[in-house]
Protein chains: 2
Amino acid sequence: MPRKSPLSAEVAGDLRTLIATEEWEDGRLPSETELAKRLGVSRTTVREALWLLWSEGLLNRQWGVGTFVRGQKPEGVGMGQDFRAVLRDLITSAGYDPSIPNALIEQRPCPSEAAAALNLDEGQPVWFLDRTFAADSNPVVRFWDWMPLVINGRRVDPTATKDLEHDLISFLSESAGCRILRMEAHLRAEGISEEVAETLGRPVGTPIISAVQLCYDDRDRTVVYSQNFYTTDVLPMRLLRNLHR
Amino acid sequence: MPRKSPLSAEVAGDLRTLIATEEWEDGRLPSETELAKRLGVSRTTVREALWLLWSEGLLNRQWGVGTFVRGQKPEGVGMGQDFRAVLRDLITSAGYDPSIPNALIEQRPCPSEAAAALNLDEGQPVWFLDRTFAADSNPVVRFWDWMPLVINGRRVDPTATKDLEHDLISFLSESAGCRILRMEAHLRAEGISEEVAETLGRPVGTPIISAVQLCYDDRDRTVVYSQNFYTTDVLPMRLLRNLHR
DNA sequence: GAGTGGTCTAGACCACTAC
DNA sequence: TAGTGGTCTAGACCACTCC
């Protein structure tokens, strides 16, 4: 289900290029009414688009004053939303060259924790993805993902997600019409285990952030169970949060 | 600036009690149109309220089907938004008894990192808050916060935030009319340092999550600079993320 | 086809900031 | 007081799910 993209998303795109192209006094954008007129949409739609850009950290809005372009680059958003793309951007914006030195994608019997989360039987075959992300060939994160072979009645093949341009969430949306709406992660600090230490190139026992992550679709079904290992010595884990709406 | 609360927030409250009181077949709420009629507001307002409850993890919405009450308790939200309240809830919902065994709030010369973030001069007096959170008298988190003495032209006194019922963000909103709209955190896994180990009751070197956190107001000024230390052996750090709006 | 949530509009009024 | 963003309305149409 490709699902037509909302007008507000297009408008957000227009605004993005507008921002990149035009110069305004003090980085101040035209008013919402003005933008609505200029872009030929309702003010509501403009507001939705502006909110989108604001939540990306691109804009700064002041009640009764105006909307301003925030000085710095957008930088990454933390957990969630287009996870790998964010990681790639984070790595890039930190001046490193992103890559995936190790990627293993195959079917495997489902381990018990994943089975419990995915509501499957233990030992039943599932997709297993083992991918490592690197900055300048220095490994920084390792992902382990488990997901069912069949989603929404369709067999899925995540082999394509081996490269940097594809992430699991858009893959699920495109190939199985499965939209991830919620994600939940539990973070723990741990000494790195022998198994992971090798791939990540750190001594056993080095502190890392270990995360168990669940992705839910629009029916609240768990679609992906993940275990992630973040080294934070080179790149810290970054979280942004917008309050009030 | 107390600022009148939006109608949608009130409606969200009404819906909350409606949900707690009434019983529906399959936990299914009336349709948006129906709710709008019953509550005497526009459908837009109902939708805003529903979105609020959804983002709290209370509801589950299915396009073309309906809105459902999610089975479990809301559970905590991770970084950000009413941080300490969330921690308290997290601790409570995990079956522990929350407390603040140590709280020190005083004026101190501003250290250099805080000064850079807060745009102040190093050594200039600022408020310093050092608070430890415990679950069943087992310490789990230590917060260090630095903030200016004067915010929005008003002298502030955060001494009240010593107890469990008050958090910094609502304190700033109430006492200085300063609304925190964005927060940013950088997380690192570290071995616990000697200084913090003592208060947290863990051996030096135990892996913990160390966070540097910044709070921004509606003019993008940094208002609070924090350093936080999370032990994750008792309670993991929990992150929820809602995608797509 | 009936009913739901998702999107969009045009217009109104309010709250805030600046002057 | 003028101009901005914040909220709210009533109504319309679309996309989806289920029968």
Side-chain angles (χ1 to χ4, degrees), chain A residues 1-12 14-15 24-37 39-54 59-68 152-153 173 177-179 181 217-221 242-245, chain B residues 1-12 14-15 24-37 39-54 59-69 152-153 173 177-179 181 217-220 242-245:
Chain A
M1 324 302 192
R3 189 193 190 199
K4 198 185 123 208
S5 79
L7 180 55
S8 56
E10 285 180 46
V11 172
D14 295 348
L15 285 173
W24 287 289
E25 204 68 30
D26 303 326
R28 182 206 203 88
L29 259 63
S31 73
E32 299 180 346
T33 321
E34 169 65 24
L35 285 173
K37 206 186 309 174
L39 298 169
V41 296
S42 75
R43 194 181 147 214
T44 312
T45 304
V46 167
R47 281 179 59 74
E48 195 67 23
L50 287 174
W51 178 80
L52 204 65
L53 298 180
W54 178 77
L59 298 178
N60 180 22
R61 319 195 66 195
Q62 290 180 36
W63 194 350
V65 184
T67 303
F68 301 84
N152 274 351
S173 163
C178 168
R179 289 189 297 155
L181 292 193
D217 70 2
D218 53 4
R219 307 210 164 170
D220 239 14
R221 294 172 297 203
N242 293 314
L243 314 182
H244 183 252
R245 196 184 163 162
Chain B
M1 322 305 189
R3 188 195 192 197
K4 198 184 125 211
S5 78
L7 181 54
S8 55
E10 285 180 45
V11 171
D14 295 348
L15 286 173
W24 287 287
E25 202 70 30
D26 303 327
R28 182 206 204 88
L29 260 63
S31 72
E32 299 179 346
T33 321
E34 170 64 24
L35 285 172
K37 209 186 306 173
L39 297 169
V41 296
S42 75
R43 194 182 147 215
T44 311
T45 304
V46 168
R47 280 179 60 76
E48 196 67 23
L50 287 174
W51 178 80
L52 205 64
L53 298 181
W54 178 77
L59 299 178
N60 180 22
R61 319 195 67 196
Q62 290 179 34
W63 193 349
V65 184
T67 303
F68 301 83
V69 180
N152 274 351
S173 163
C178 168
R179 289 190 296 154
L181 293 194
D217 71 0
D218 54 3
R219 306 208 166 174
D220 237 15
N242 293 314
L243 314 183
H244 185 252
R245 199 186 157 155

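Since the model is a prediction, treat every value here as computed from it, not as a measurement.
The side chain of A:T45 has C:dC8 as its nearest neighbour among D:dG6, C:dT7, C:dC8. Checking D:dG5, D:dT17, C:dT4 against the side-chain heavy atoms of A:R219 singles out D:dT17 as nearest. The listed nucleotides are C:dT4, D:dC13, D:dT4; the one nearest the side chain of A:S31 is D:dT4. Among D:dT9, C:dC16, D:dT7, the nucleotide with an atom closest to any side-chain atom of A:W63 is C:dC16. Taking every side-chain heavy atom of B:S8 into account, D:dC8 is the closest of C:dG5, D:dT9, D:dC8. Here the side chain of B:P6 is nearest to one of C:dG6, D:dC8, D:dG5, namely D:dC8.
Here the shortest heavy-atom pairing between A:P30 and A:L35 reads O-CD1, 3.7 Å.
In this model, the phosphate group of D:dT4 is not approached by any side-chain N or O of A:T67 to a distance below 4.0 Å at OP1 or OP2. Between B:R47 and C:dG6 there is a side-chain polar atom (N or O) within less than 4.0 angstrom of OP1 or OP2. OP1 or OP2 of C:dG6 has at least one side-chain nitrogen or oxygen of B:R61 nearer than 4.0 Å.
Between A:K37 and A:E32 there is no salt bridge, since none of the side-chain N atoms of the basic residue sits less than 4.0 Å from a carboxylate O of the acidic one.
Nearer the 5' end of DNA chain C, as judged by each residue's closest nucleotide, is the contact made by B:L29, out of B:D218 and B:L29. Map A:A9 and B:E32 each onto its nearest nucleotide of DNA chain C; the residue landing nearer the 5' end is B:E32.
Rounded to an integer number of Å, the gap from CD of B:E10 to C1' of D:dC8 is 13 Å. Between B:E34 atom CD and C:dG5 atom P the separation is 11 Å, expressed in whole Å. Between A:F68 atom CZ and C:dA18 atom C1' the separation is 11 Å, expressed in whole Å. Summarising the geometry, the separation between CG on B:L39 and C1' on D:dA10 is reported as 17 Å, rounded to the nearest angstrom. Distance CG (B:L59) to P (C:dG6): 11 Å, rounded to an integer number of Å. Note: CZ (B:R43) to P (C:dC8) measures 13 Å, nearest angstrom. Spacing between atom CZ of B:R28 and atom C1' of D:dT17 amounts to 10 Å, rounded to whole angstrom units. Rounded to an integer number of Å, the gap from CG of A:L7 to C1' of C:dT7 is 9 Å.
Between the side chains of A:N152 and A:R221, at least one donor N or O lies within less than 3.5 Å of an accepting N or O.
Base contact: A:T44 has a heavy atom under 4.0 Å from a base atom.
Summarising the geometry, atom SG belonging to A:C178 is positioned 10.5 Å from atom CZ belonging to A:R219; distances are rounded to the nearest 0.5 Å.
Inter-residue side-chain proximity for A:R28 and A:V65 is flagged as met; some heavy-atom pair is nearer than 4.5 Å.
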